[in-house]
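Below you'll find the structure, written out as structure tokens, and then a few comments.
What's counted below: heavy atoms across the whole structure, side chains too, no hydrogens, waters or symmetry copies. Please read these numbers as outputs of a predicted model, since none were measured by experiment.
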Amino acid sequence: MLMRKFINKPGDVAMETLEGYLAVTSGRTSRVPGTLGLIRRELTDRVVVLVGGGSGHEPVWLEYVGEGLADAVCQGDVFAAPDPMSIATVAAAAHRGHGVLFLYGNYAGDRLNFDLAAEELAADGIVTRTVRVADDVAAAPFDRRDDRRGIAGGYFATRIAAAAAARGDHLDAVADITQRAVDRTRSIGVAGAGGTIPGSDEPTLVVPDGRLEIGMGMHGEKGVWAGDFLSADATTDKMLELLLTDRPLDGNHPVAVLVNGLGATTRAELLIVSRRLLNCLAEQAIEVVDTHIGEYATSQEMHGFSISLFELDDELTQLYHGSVEATFAGGLA
């Protein structure tokens, strides 16, 4: 498989991607020297929300910095966790005296390095709290949900964390309600072909021709169901069944929906999937208050998509409907 990407040097992809975002945001963000990190320039005197993880999944986490989203980001190289010193450096630069919330995907390298950064910051008198996005129902059963991976549902948690920090909540309160958002979000993905890491000609996930895999991870981790390639409706039905088997939706609470492209899926495909998904939820009398479609968490040029459902309560609904300024997409509702 020949890698075809409009890049310069493979080793420069993460850095040049960050430089591109700095250019696009036109002075609203500042780079933290010596890191793959940046912060918003207009930070107020409150809790800071810092997100991060490996590059290569854009827009997450880099483009999750903005009004109504995160205040700072620290990334690693493609599919690699950021190093602890870089995380600590970005957090210290962003800190405004009220502590820092770390929000990132539940992967071993990220857990280790963010925890080490938290220890370093504590020694300098900077208090941190951690919330790990763990929304992928295919990664572990419900009774081990703390072991689940974080995928596209992290978008919802980021919005809630940002809104709670913006209204002046103290650090523990921001962490608590962000954790509640994570606990009320479930996601699952499907792929028919994997992407390739810059500099490699080998795909991250090999799916035989005419087949698909449901529940695979964004780095090519094995899924929970493999079979012949299905129609959009049949694929959506099977994914929704897995989501609702994990935890049925409470018809008394509305949901926000995200249909996320993984990098090589057309918008027409995402709309066709959304049509089926929303019809199925309507048949079950589930109120959908917001729908997002587009690329929110990709895996290079992986062909596939994920579905995320975020079940709201009264307080989460109030926080969720704050304004968001992002370079990548917005809600339909």
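No salt bridge links Arg180 with Asp183; every basic N to acidic carboxylate O contact stays at or beyond 4.0 Å. Asp136 and Arg148 are not joined by a salt bridge, as no carboxylate oxygen comes within less than 4.0 angstrom of a charged side-chain nitrogen. Salt-bridge annotation for Asp45 and Arg96: absent, with no side-chain N of the basic residue lying under 4.0 Å from a carboxylate O of the acidic one. Using a 4.0 Å cut-off between charged nitrogen and carboxylate oxygen, Arg132 and Asp115 count as a salt-bridge pair.
Thr298 places no side-chain N or O within donor-acceptor distance of the main-chain N or O of Gly263, the cut-off being under 3.5 Å. A donor-acceptor pair under 3.5 Å links the side-chain atoms of His170 to the main chain of Ala173, judged by distance alone. Side-chain atoms of Tyr107 come within 3.5 Å of backbone N or O of Gly150 as a donor-acceptor pair. Using modelled atom types, no side-chain atom of Thr44 and backbone atom of Arg46 make a donor-acceptor pair closer than 3.5 Å.
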For Arg4 and Glu301: C-alpha separation, side-chain torsions, deciding distance, then whether salt bridge (charged side-chain N to carboxylate O under 4.0 Å, His left out) applies. CA-CA 10 Å; Arg4 294 177 177 172; Glu301 67 277 19; over 6 Å; no

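Taking the centre of each ring, Phe328 and Tyr64 come in below the 6.0 Å mark.
Enclosure of atom CG in Asp209 is not indicated, since only 12 or fewer non-hydrogen atoms of other residues, nucleotides or ligands lie within 6.0 angstrom. Atom CG of Asp124 has more than 12 neighbouring heavy atoms from other residues, nucleotides or ligands inside a 6.0 Å radius.
Side-chain N/O atoms of Ser86 and Thr35 include no donor and acceptor closer than 3.5 Å. Side-chain contact check for His303 and Glu269: at least one donor-acceptor pair (N or O, by modelled atom type) lies under 3.5 Å. Side-chain contact of Asp314 with Gln318: a donor-acceptor pair under 3.5 Å is absent, judged by distance alone. Checked by atom type, the side-chain pair Thr196/Glu202 shows no donor-acceptor distance below 3.5 Å.
With Arg28 as the fixed residue, the salt bridge (Lys or Arg N to Asp or Glu O under 4.0 Å) test singles out one of Glu42, Glu325, Glu63: Glu325. Among the candidates Val73, Leu50, Leu69, the single residue satisfying the side-chain contact (heavy atoms from CB on, under 4.5 Å) test with Trp61 is Val73. Under the side chain to side chain donor-acceptor pair (under 3.5 Å) test applied with His57, the options His219, Glu295, Gln300, Gln75 reduce to a single match, His219. Under the side-chain contact (heavy atoms from CB on, under 4.5 Å) rule, Cys74 has a single partner from Ile87, Asn113, Val32, which is Ile87. Of the candidates Leu258, Val288, Leu281, Leu309 forms a side-chain contact (heavy atoms from CB on, under 4.5 Å) with just one, namely Leu281.
The two residues Val324 and Gly68 have their closest heavy-atom pair at CG2-O, 4.0 Å.
In this structure, OG1 in Thr317 is found 8.0 Å from CD1 in Ile160, a value given to the nearest 0.5 Å.
For the pair Arg145 and Phe142, the cation sits on the ring face: its NZ or CZ lies under 6.0 Å from the ring centre, inside 45° of the axis. A cation-pi contact, defined as under 6.0 Å to the ring centre and within 45° of the axis, links Arg159 to Tyr320.
Relative ring orientation between Tyr104 and Phe114 is described as parallel, the plane-to-plane angle staying below 30° on a 0-90° scale split at 30° and 60°.
With contacts defined as side-chain heavy-atom distances shorter than 4.5 Å, the pair Glu315/Ile177 qualifies.
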